Amino acid sequence: MCAHTDRNDDQPPWWAVDLLNVYDINVIDIYGRTDDCCPNDLENFDVEIILPTCSKDLDKGNIYHCHYQATGSQIITINCPPNTRGRIVRIKRRDKKTLVICEIEIYGDQINSLLQSDVSLSKTAYACGKIGYGYIGPVLDTSVAKHDIQCTRKCITKTACTAAEYDKKTNVCTLKGENTNGTQSFLFQDIDKDVYIIH
């Protein structure tokens, strides 16, 4: 079974997958139709690796160009440049013709934390800030921090931490995790606090 885009005269078609974590992506294998039909359905496209920002808009993230495929082919093996990191892989045509993908295999190494990587903070994880909000979730650790960045860094280096809650009045940094008892973690308005959700 293959994924097949609809014809749209307004924009080039694309296909994307969210890997649900940040990876250092090395190799991508893309398979089109193998029945000698329609090799043009898999040509003239870019392969992009996206490290999203807090916005849900893919085009507002950090986009790393991995490959451009000009000619049609049924099987394509792509070697991404070194240090190609991201969470979303997108295949996007440069024209408005149909895109058909039958299988895709993505190979790389998951980047879990600063402790497992020799690269800088900006290339291993990112935090989405919610200014004027607190976070309901189990408390993992509480300490005093000089600023919200120090608090966020503490959360990134702690495996179970999903949110760094910084109290602007008291400089208290509270590291929080996800609820595991069936209730859901959530944000609430509090003008004295800022929350940074770790991705």
Side-chain angles (χ1 to χ4, degrees), residues 1-130 152-153 156-157 159 162 196-199:
M1 180 156 313
C2 301
H4 188 288
T5 62
D6 286 333
R7 176 110 180 162
N8 184 344
D9 292 331
D10 295 334
Q11 61 182 348
W14 56 272
W15 175 93
V17 61
D18 186 342
L19 303 174
L20 302 178
N21 209 319
V22 178
Y23 287 82
D24 190 348
I25 297 173
N26 306 315
V27 176
I28 300 173
D29 292 328
I30 303 172
Y31 300 88
R33 293 180 175 158
T34 56
D35 57 5
D36 293 331
C37 172
C38 316
N40 296 347
D41 289 344
L42 198 53
E43 71 175 4
N44 195 27
F45 66 87
D46 291 292
V47 177
E48 301 168 331
I49 311 302
I50 303 169
L51 183 60
T53 60
C54 300
S55 167
K56 299 294 183 193
D57 185 351
L58 294 183
D59 292 317
K60 293 194 175 169
N62 294 324
I63 300 174
Y64 301 92
H65 187 264
C66 182
H67 179 77
Y68 169 66
Q69 182 70 32
T71 58
S73 180
Q74 295 171 328
I75 300 172
I76 303 161
T77 296
I78 298 164
N79 292 300
C80 291
N83 299 319
T84 301
R85 293 182 176 90
R87 176 175 162 168
I88 295 168
V89 176
R90 177 170 62 183
I91 298 170
K92 184 177 181 181
R93 283 197 72 127
R94 290 188 177 185
D95 54 30
K96 295 177 184 172
K97 295 180 181 176
T98 302
L99 175 66
V100 177
I101 300 170
C102 297
E103 184 178 342
I104 185 166
E105 297 173 0
I106 302 165
Y107 301 94
D109 299 310
Q110 184 175 338
I111 299 174
N112 290 318
S113 72
L114 274 174
L115 301 177
Q116 295 177 339
S117 176
D118 293 333
V119 295
S120 68
L121 174 66
S122 65
K123 293 185 180 177
T124 60
Y126 62 98
C128 291
K130 294 295 283 182
T152 305
R153 283 186 176 164
I156 288 172
T157 60
T159 304
T162 58
Y196 298 89
I197 308 296
I198 307 303
H199 297 278

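In this text, all values refer to a predicted model and were calculated from it rather than measured experimentally.
- No side-chain donor-acceptor contact under 3.5 Å links Q74 to the backbone of G32.
- Every residue meeting the side-chain contact (heavy atoms from CB on, under 4.5 Å) condition with I75, not counting sequence neighbours, appears here in chain and number order: Y31.
- Contact of the I198 side chain with the T162 side chain is not registered, since no non-hydrogen atoms from C-beta on lie closer than 4.5 Å.
- Listed for the E43 side chain is no donor-acceptor partner under 3.5 Å among the backbone atoms of F45.
- Contact check for E48 versus W14: no side-chain heavy atoms found under the 4.5 Å cut-off.
- Between R33 and C102 there is a side-chain heavy-atom pair separated by less than 4.5 Å.
- In this structure, C80 and I25 approach most closely via the heavy-atom pair CB-O, 3.5 Å.
- Of all non-hydrogen atoms in Y196 and G129, the two that sit nearest each other are CD2-CA, 3.5 Å.
- In this structure, the side chains of I101 and T5 stay at 4.5 Å or more apart for every pair of heavy atoms.
- Not counting sequence neighbours, the partners of D95 by the salt bridge (Lys or Arg N to Asp or Glu O under 4.0 Å) test are R93.
- From K97, atom NZ reaches atom CG of N44 across 7.5 Å, with rounding to the nearest 0.5 Å.
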Subject >> Steps toward side-chain contact (heavy atoms from CB on, under 4.5 Å) verdict (I28, I91) >> reply: CA-CA 11 Å; I28 300 173; I91 298 170; 5.8 Å; no
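- R87 and L20 make their closest contact through NE-CA, 3.8 Å (heavy atoms, listed as atom of the first residue, atom of the second, distance).
- Taking CG of N26 as the start and SG of C66 as the end, the distance is 9.5 Å to the nearest 0.5 Å.
- Taking CD of E105 as the start and CD1 of I30 as the end, the distance is 11.0 Å to the nearest 0.5 Å.
- The one candidate from L42, D6, D41 that meets the side-chain contact (heavy atoms from CB on, under 4.5 Å) condition with T98 is D41.
- Rounding to the nearest 0.5 angstrom, the gap separating the CD atom in Q69 from the CD1 atom in I78 is 6.5 Å.
- In this structure the side chain of D46 reaches within 4.5 angstrom of the side chain of H65, judged on heavy atoms.
- Atoms CG and OH, on N83 and Y64 in that order, are 9.0 Å from each other to the nearest 0.5 Å.
- Here the side chains of Q110 and L19 are not in contact, with every heavy-atom distance at 4.5 Å or above.
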If you apply the rule side-chain contact (heavy atoms from CB on, under 4.5 Å), what do you find for W15 with I104, and how did you get there?
CA-CA 11 Å; W15 175 93; I104 185 166; 3.4 Å; yes
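- When the side-chain hydrogen bond (donor to acceptor under 3.5 Å, both in side chains) test is applied to T77, the partners found at least two apart in sequence or on another chain are D29.
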